[in-house]
Amino acid sequence: MCDSRQVYDRLDIATNKPSPEAMRQVRYHLVGIADPRATYTAFEFVEAATGAIAGIAARGKLAIVEGGSMLWADALTEGFSLAGVEPRPQRRAELEQLPVEELSGLLYRLDPEAVVDTRNPVRLIRAIEILEVAGPPLARRRTRRPPAWTPVRIGLTADLGTIDKWLAERSRDQLARGLVEETRAALAFGVPPDAPVLTGIGYAEAMMYINGEVALEDLAGVMARSNRRYARRQLRWLRRNPAITWFDATANPVPRILEFLQEQRL
RNA sequence: GCCGAGGUAGCUCAGCUUGGUAGAGCACUUGACUGAAAAUCAAGGUGUCCCCAGUUCAAAUCUGGGCCUCGGCA
């Protein structure tokens, strides 16, 4: 599973984890394996997924990488180096206090040639973090070495009206299944409000409700809107990749996907 | 019916005092993305400024009338 929210333990509803029945039928990897109070990174995912894929292949099975975390998927299938420098939370906290102008000034003192979005604090802080540990130039740290296996990229899509309808239904369903209670339980367990899992769609909105910023009757609509925006962002990311073969998700796409894989001699 | 507040972008609203190219946030569309990525950042379009008349070189802005909404009083 290539999903930056399903990796976390305890938060099941709005992360859209597979049902217990589904988990019994198929062996899933990388679902619920991480402490929700911490941050699980793209690098950790690539390492774990690479190991899981090797294990699956060793058992003579075909690995399926499923999910919507685009950077994670590309990092895995394209073999991004991810710079080879670990995050340093304490230094990040210091840098977060600085205005973007100072961050970009600091960046260019470390590496005048650095190519970074100079108005994006998250990007600037990461670039500074890499340069402070590894030194310039930044560009040298960002390489790609594709994996030994060959990915077959499959995209599922539907017309936007259908996607929007599904997302609205799913948002209502998640609330009915106890999303707010699950969010409260996570907070009580000690998951920080700014932990990645609680910034995910569904939990972010549930927190707004808990903080009195949105009414209960508006919650499903606000969730659906966040989902719509993200679905479009995912489609935009995927659209640029010419290696993807697309299938219509409105009818059961599995038979045609299997046919397609046969043609690929897999 | 009377009193008060209001009517400007899809939504919430600023601008009106002192007339001079109609704005912000959100939404939407597009783009960026190499250890936070469901995060983060950027660019872009959007208008009977409720209607009619008047004043004026010029009205969202000033004046008069009308319509509508909300609140209070009856």
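Throughout, a chain's letter reflects where its sequence line sits, starting with A, and its residues are numbered from 1. Since the structure is predicted, the reported quantities are computational estimates derived from the model, not experimental observations.
- Nucleotide B:G10 has B:C26 as its partner under the Watson-Crick or G-U criteria, with both atom distances under 3.5 Å.
- Nucleotides B:U34 and B:C41 have their P atoms positioned 15 Å apart, rounded to a whole Å.
- When the C1' atom is compared between B:C50 and B:G7, the two are found 6 Å apart, to the nearest whole Å.
- Along RNA chain B, the nucleotide nearest to A:R142 and the one nearest to A:G202 differ in position, and the one closer to the 5' end is contacted by A:R142.
- Within 4.0 Å (heavy atoms only), A:Y40 reaches sugar-phosphate atoms of the nucleic acid but no base atom.
- Here the side chain of A:V122 is nearest to one of B:A36, B:A32, B:A38, namely B:A36.
- Mapping A:P121 and A:A42 onto RNA chain B via the closest heavy atom, the residue that lands nearer the 5' end is A:A42.
- Within 4.0 Å of A:W72, counting heavy atoms only, lie sugar-phosphate atoms of the nucleic acid but no base atom.
- Within a heavy-atom distance below 4.0 Å of RNA chain B, the residues of residues 86-108 of chain A found are A:E86, A:P87, A:R92, A:E96.
- B:C41 atom C1' lies 13 Å from atom CH2 of A:W237, rounded to whole Å.
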Query raised in the report: Between A:S4 and A:S69, is a side chain to side chain donor-acceptor pair (under 3.5 Å) present by the stated rule, with each step listed?
Result: CA-CA 6 Å; A:S4 67; A:S69 296; 3.2 Å; yes
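- Side-chain contact check for A:L11 versus A:L198: some heavy-atom pair is nearer than 4.5 Å.
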Report task. Please step through side chain to side chain donor-acceptor pair (under 3.5 Å) for the pair A:W237 and A:D74, ending with a clear verdict. Result -> CA-CA 10 Å; A:W237 182 298; A:D74 284 358; 3.0 Å; yes
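- A donor-acceptor pair under 3.5 Å is absent between the side-chain atoms of A:Q6 and the main chain of A:G32, judged by distance alone.
- Under 3.5 Å, the side chains of A:T50 and A:E47 contain no donor-acceptor pair of N or O atoms.
- Every residue was checked against the salt bridge (Lys or Arg N to Asp or Glu O under 4.0 Å) condition with A:E86, not counting sequence neighbours, and none meets it.
- On the C1' atoms, B:G15 is 10 Å away from B:A24, given to the nearest whole Å.
- In this model, no side-chain donor or acceptor of A:N120 finds a partner on the base of B:A42 within 3.5 Å.
- Hydrophobic clustering (side-chain heavy atoms under 4.5 Å, transitive across Ile, Leu, Val, Met, Phe, Trp, Tyr) groups A:V65 together with A:L30.
- One C1' atom belongs to B:A37, the other to B:C70, and the distance between them is 45 Å to the nearest Å.
- Across all strands, A:G84 comes closer than 4.0 Å to base atoms (heavy-atom distances).
- Contacts of A:A204 with the nucleic acid, taken as non-hydrogen atoms under 4.0 Å apart, are absent.
- No contact: A:N227 has no heavy atom under 4.0 Å from any strand.
- With both pairing distances under 3.5 Å, B:G1 is matched to B:C73 as a Watson-Crick or G-U wobble pair.
- Counted by atom type alone, A:E182 and A:Y203 present one or more donor-acceptor pairs between their side chains at under 3.5 Å.
- Using modelled atom types, one finds a donor on one side chain and an acceptor on the other under 3.5 Å when comparing A:T199 with A:R5.
- Backbone-only engagement by A:T39 is indicated by non-hydrogen atom pairs under 4.0 Å involving sugar-phosphate atoms exclusively.
- When heavy atoms are screened at a 4.0 angstrom cut-off, A:T143 is found touching base atoms of the nucleic acid.
- Shown here, B:U34 forms no base pair; nothing in the strands shown gives a Watson-Crick or G-U wobble contact with both key distances under 3.5 Å.
- Here the C1' atom of nucleotide B:A37 and the CD atom of A:Q6 are 15 Å apart, to the nearest Å.
- Look at the C1' atom in both B:C11 and B:C73: the space between them is 32 Å, to the nearest Å.
- Closest contact between the side chain of A:R239 and the listed nucleotides B:A32, B:A36, B:U30 involves B:U30.
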Below 3.5 Å is the cut-off: list the nitrogen or oxygen pairs between protein and nucleotides 25-27 of chain B, distance only.
residue	atom	partner	partner atom	Å
B:A27	OP1	A:R229	NH1	2.5

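- Here A:F80 and A:F43 keep their ring centres 6.0 angstrom or further from each other.
- A side-chain donor from one of A:Q174 and A:N16 sits under 3.5 Å from a side-chain acceptor of the other.
- Look at CZ on A:R5: it is 6 Å from P on B:A38, rounded to the nearest Å.
- Following rounding to the nearest Å, A:D117 (CG) and B:A36 (P) show an atom-to-atom distance of 16 Å.
- The number of heavy-atom neighbours closer than 6.0 Å to CZ of A:R59, taken from other residues, nucleotides and ligands shown, is above 12.
- For A:M70 and B:A32, the CE to P distance is 14 Å, given to the nearest whole Å.
- Between the CD atom of A:E205 and the P atom of B:A38 there is a distance of 14 Å, rounded to whole Å.
- In a base pair of the Watson-Crick type (N1 to N3 plus N6-O4 or O6-N4) or a G-U wobble (N1-O2 and O6-N3), with each distance short of 3.5 Å, B:U46 is matched with no nucleotide.
- The distance from atom CD1 of A:I125 to atom P of B:A37 is 15 Å, rounded to the nearest whole Å.
- In this entry the distance linking CG of A:L238 with P of B:A37 reads 17 Å, nearest Å.
- Within the 4.0 Å cut-off from OP1 or OP2 of B:C28, not a single side-chain nitrogen or oxygen of A:R232 is found.
- For B:A14 and B:G25, the P atoms lie 16 Å apart once the distance is rounded to whole Å.
- On the P atoms, B:G6 is 35 Å away from B:A42, given to the nearest whole Å.
- Looking at A:R119, its side chain has no donor and acceptor atom pair within 3.5 Å of the base of B:A32.
- When heavy atoms are screened at a 4.0 angstrom cut-off, A:T199 is found touching the sugar-phosphate backbone but no base atom.
- If you check distances only, the side chain of A:R233 does reach the base of B:U40 with a donor-acceptor pair under 3.5 Å.
- A distance of about 26 Å separates the C1' atoms of B:G31 and B:G47, rounded to the whole Å.
- Note on A:R126: a base of the nucleic acid sits closer than 4.0 angstrom, heavy atoms only.
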Query raised in the report: Between A:L138 and A:V115, does a side chain to side chain contact (heavy atoms under 4.5 Å, CB included) hold up when you go through it step by step?
Result: CA-CA 8 Å; A:L138 182 67; A:V115 178; over 6 Å; no
